[in-house]
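Notes follow once the structure below has been shown.
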Amino acid sequence: MKVLVATEKPFAKVAVDGIREVVEKNGHTLALLEKYTDVNDFYAAVADADALIVRSDKVTKEVIDHAKNLKIVVRAGAGYDNLDLEACTARGIVAMNTPGQNSNAVAELVMGLLVYCVRNSYNGKSGSELMGKKLGILAFGNVGRNVARIANGFGMKVYAYDAFCPADVINASGLATAVANQEALFEECDIVSLHIPATAETKNSINKALVGLMPKNGLLVNTARKEVINEDELIELMQERTDLKYVADVMPAADAKFRTLFADRYFATPKKMGAQTAEANINAGIAAAKQIVDFFTTGNTRFQVNK
Ligand code: NAD
């Protein structure tokens with residue numbers, strides 16, 4: 001089988017070497033399309049591929065239409081909103097992500113953003129500490145659990161809510177105390193960290209009514225997706241509530257407006273940094289290759305996202 005790695009923003013060389021080893025050791029061949037700037041190059045490269053590994057590359061219906069032999073596509077990473085799942089399903093193509101491989105990287109960045117923020121962007125003025133503060137984790141998935149693990153080390157009081165993870169599972173993890181709903185999380189916590197995926201349900205769901213429940217000096221941190229925030233309403237709220245702060249690894253569409261209006265209460269990384277570590281890069285790429293090999297060898301579809 002021919003496995004194509006198509007990456008506008010390539011994997012680190014060590015990750016590509018690892019992917020190659022997994023693929024070739026199992027009798028498959030590897031093709032590489034890196035740093036492509038013309039989508040037509042992607043269409044041409046995918047034409048005879050049986051499997052496809054991408055990072056944030058958009059796998060649109062057009063890509064799928066050009067991929068006549070494609071049986072499986074794996075997004076090396078957690079979020080998979082760059083895959084057209086309908087187009088994959090219509091062609092019987094298995095779509096997967098590689099959950100958990102970059103969770104620690106994202107979780108460490110959350111803590112970095114929090115320290116940066118509560119220490120006033122290191123501007124020389126006295127800040128505050130995270131110890132003893134209440135941290136609310138919205139969605140207790142792979143990233144959320146890692147944030148909880150590290151936040152406990154900081155001595156924070158950790159709470160969590162997840163629409164699909166029961167309270168007793170959250171409590172039994174020993175990492176966080178479950179609350180009844182997301183309103184309770186915002187009401188209770190000094191800091192809320194978002195780890196929900198971008199879905200029809202969650203898009204725009206972080207709105208004025210919800211964030212407005214936060215106590216005085218509330219801090220919202222978003223390393224999930226910009227689409228989950230209702231930006232117009234958050235701007236309106238932050239204009240009314242001059243105590244609130246927002247930090248993000250996923251730059252808002254209205255970044256310039258946030259920066260102009262809330263210079264000392266807003267920070268966004270210039271590029272999405274959450275998963276940008278050597279470790280996460282290698283882990284996700286190699287996991288993608290292993291999942292493809294396993295799929296061809298045993299039919300394993302454990303990480304399929306278009307079931
Ligand atoms: P995950 O799939 O392990 O966890 C997602 C959790 O969200 C699950 O526990 C699920 O039950 C819960 N959930 C789904 N819908 C919900 C809802 N409506 N309300 C409450 N909970 C809900 O994913 P993860 O690895 O923890 O990643 C979380 C998100 O973080 C990803 O979807 C992705 O968008 C984002 N992410 C960003 C970066 C980055 O570079 N900043 C890197 C990795 C992931």
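Ligands are counted one by one from 1 in listed order, and the atoms in each one are counted from 1 as well. Bear in mind the structure is a predicted one, so any value in this text is a computation, not a measurement.
- When the side chain to side chain contact (heavy atoms under 4.5 Å, CB included) test is applied to Thr89, the partners found at least two apart in sequence or on another chain are Asn306.
- At a threshold of 4.5 Å between side-chain heavy atoms, the hydrophobic network of Ile, Leu, Val, Met, Phe, Trp and Tyr places Val54 and Val3 in two separate groups.
- The aromatic rings of Tyr122 and Tyr116 lie perpendicular to each other, with more than 60° between the two planes, well past the 30° mark.
- Among residues two or more places apart in sequence or in another chain, the side chain to side chain contact (heavy atoms under 4.5 Å, CB included) test is passed with Lys245 by Cys117, Asn120, Leu219, Arg265.
- Listed as neighbours of ligand 1 are Ala78, Asn102, Val106, Ala139, Phe140, Gly141, Asn142, Val143, Asp162, Ala163, Phe164, His195, Ile196, Pro197, Glu201, Thr202, Thr223, Ala224, Arg225, Asp249, Lys272, Gly274, Ala275, each bearing a heavy atom under 4.0 Å from the ligand.
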>> One pair to check against salt bridge (Lys or Arg N to Asp or Glu O under 4.0 Å): Glu240 and Lys208. What are the steps and the verdict?
In response: CA-CA 10 Å; Glu240 287 170 20; Lys208 188 176 176 186; 2.9 Å; yes
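- Pairs of residues two or more places apart, or lying in two chains, that qualify as salt bridge (Lys or Arg N to Asp or Glu O under 4.0 Å) and include a residue from residues 172-197 are Lys134-Glu188.
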